[in-house]
Amino acid sequence: MEKYQFKKEEMEIMEKSCIPYAIYQFVNKRVVTIMLTDGFCELFGAKTKEEAYYRMDHDMYQGTYPDDVARIADAAYHFATEGGEYNVTYRTKVDGKYRVIRANGRHFYTETGEKLAAVWYSFEGEYIFEDGKSDLEFQNMYGAVTRENRMYRNNNYDFLTGLPSMSYFFELAEAGRREMRNSNKKIVLLFIDLSGMRNFNQKYGFSEGDKLIRSVARTLVKYFGNENCSRFGVDHFVVYSNADNIRETLNHFIDDCKEINDGRTLPVRIGVYEDKNGSVEVSIACDRAKMACDISRGTYVSHISIFDDKMLRYEENRQYFIDNFDRALEEGWIKVFYQPIIRAANGHVSDEEAVTRWIDPE
């Protein structure tokens, strides 16, 4: 599906509106921005229209209070895919202060049949963090809308980072790499793992560990966009991206990770799988990126590993063994050989060992 475009004259008229609203479209499994008004830019603190469009296309929930991200992202996904009305209340940071925003949306159709969504925003006041004021108070203040949205929570977005869940990421990555292939772009799958997360949690506590994971997620979004990343669990992240300048980008990402979370951070290990022709499923491509990542397991320095033909042969052999193990036992491919252990001091046999060999007919 192609992204819808208004006529130039229509865009100019709509963009000049002082009312904070936006128009979106669901294309290739993701929400894309069609139009933003001057009122939207002012409400969310965008200095230029270009900045606003870039932010909405790459990190739609930048500045959103962490506890609200997954809830409103899930609500937006269900609104885009199932219809109905969009009605959420959340907190977002503008110029260093949190604002409470209420967003309402409805779908409409263009003259040529494209389904678009119009979402308008209202400023409900500043959210001030004070002693004794907690997320529970926000739930009490805006409970009706919030509780209605909670039914979506954890379906398509990770509750801690606001990144797409594993299943939703597979859909996004499949649609994304198909679009990239049509544009003759090379695609890579990345698997990112933090070295020493268990010890970090023991030293600083799980709350500080959660802060670190959120910081890593935000840094990934900075370079790859929110819908191109996913948290697969604990401290494991997966990304799909254009392969151009990927090593340079990853080096910048590693450098940034050294400074996040007020310096309480960990090295990152990154596995890279180049998806040359899309011949394997996204899940298998992720497994291969993880295999490259695991090559440097046990090291405590940031490292980038590229999946190569040697790893591919290892993976093919490993999968062959798994698929044919029962057959190998039944048909006698696995044989036991006994060989002597000779004492070096006197040259006499002191013991024997049993070695099992897989003698494959092919």
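Every heavy atom of this structure was used, including side-chain atoms; hydrogens, water molecules and symmetry mates were not. Nothing fancy with the numbering, it's 1 onward along the sequence.
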Which residues pass the ring pair (Phe, Tyr, Trp, His ring centres under 6.0 Å) test with Tyr223, sequence neighbours left out?
none

Salt bridge flag under 4.0 Å for residues Glu126 and Arg99
no

Pair listing, salt bridge (Lys or Arg N to Asp or Glu O under 4.0 Å) test, anchored in residues 237-252, at least two apart
none

So, using salt bridge (charged side-chain N to carboxylate O under 4.0 Å, His left out) as the criterion, who are the partners of Lys258 when residues are at least two apart?
Asp255

Selection residues 192-210 - residue pairs positive for salt bridge (Lys or Arg N to Asp or Glu O under 4.0 Å), sequence neighbours left out:
Asp193-Arg269, Glu208-Lys211, Glu208-Arg264

Do we get Arg91 above Tyr98's six-membered ring, with its NZ or CZ under 6.0 Å from the centre and within 45° of the axis?
no

I want to check a possible cation-pi pair here: Arg106 against Tyr86, using under 6.0 Å from ring centre and within 45° of the ring axis as the test.
no

Contacts of type ring pair (Phe, Tyr, Trp, His ring centres under 6.0 Å), residue Tyr273, not counting sequence neighbours:
Phe307

Residue pairs passing the salt bridge (Lys or Arg N to Asp or Glu O under 4.0 Å) test where at least one lies in residues 343-354, sequence neighbours excluded:
none

Tell me whether the centres of the aromatic rings in Tyr90 and Tyr65 are closer together than 6.0 Å.
no

Residues in salt bridge (charged side-chain N to carboxylate O under 4.0 Å, His left out) with Asp287, at least two apart?
none

My understanding is that only residues two or more places apart in sequence, or in another chain, count here; which of them pass salt bridge (charged side-chain N to carboxylate O under 4.0 Å, His left out) with Lys222?
Asp256

Determine whether Ser122 and Glu124 satisfy the following criterion, side chain to side chain donor-acceptor pair (under 3.5 Å), listing intermediate values before the conclusion.
CA-CA 6 Å; Ser122 58; Glu124 301 286 304; 3.2 Å; yes

Go through the structure and list residues passing side chain to side chain donor-acceptor pair (under 3.5 Å) with Lys29, not counting sequence neighbours.
none

Would you sort out whether Phe232 and Phe170 count as a ring pair (Phe, Tyr, Trp, His ring centres under 6.0 Å), showing the intermediate values?
CA-CA 11 Å; Phe232 274 25; Phe170 287 154; 5.8 Å; yes

Note: Glu10-Lys7 ion pair, threshold 4.0 Å (strictly below)
no

All N/O donor-acceptor pairs, side-chain side in residues 16-25, below 3.5 Å, sequence neighbours left out:
from  : atom 1 : to     : atom 2 : distance (Å)
Ser17 : OG     : Ile19  : N      : 3.1
Tyr24 : OH     : Tyr121 : OH     : 2.6
Gln25 : OE1    : Tyr4   : N      : 2.7

Please tell me whether Phe79 and His107 form a close aromatic pair, meaning their ring centres lie under 6.0 Å apart.
yes

Salt bridge present between Arg313 and Asp309 (N-O < 4.0 angstrom):
no

Atom pairs and distances, donor-acceptor, side-chain atoms in residues 44-52, under 3.5 Å, two or more places apart:
from  : atom 1 : to    : atom 2 : distance (Å)
Thr48 : OG1    : Glu51 : N      : 3.0
Lys49 : NZ     : Asp38 : OD1    : 3.0
Glu51 : OE1    : Lys47 : N      : 3.2
Glu51 : OE2    : Arg55 : NH2    : 2.9

Who are the salt bridge (charged side-chain N to carboxylate O under 4.0 Å, His left out) partners of Glu174, not counting sequence neighbours?
Arg177, Arg178

Counting neighbours of CZ on Phe108 that are heavy atoms of other residues, nucleotides or ligands and sit closer than 6.0 Å, is the number greater than 12?
yes

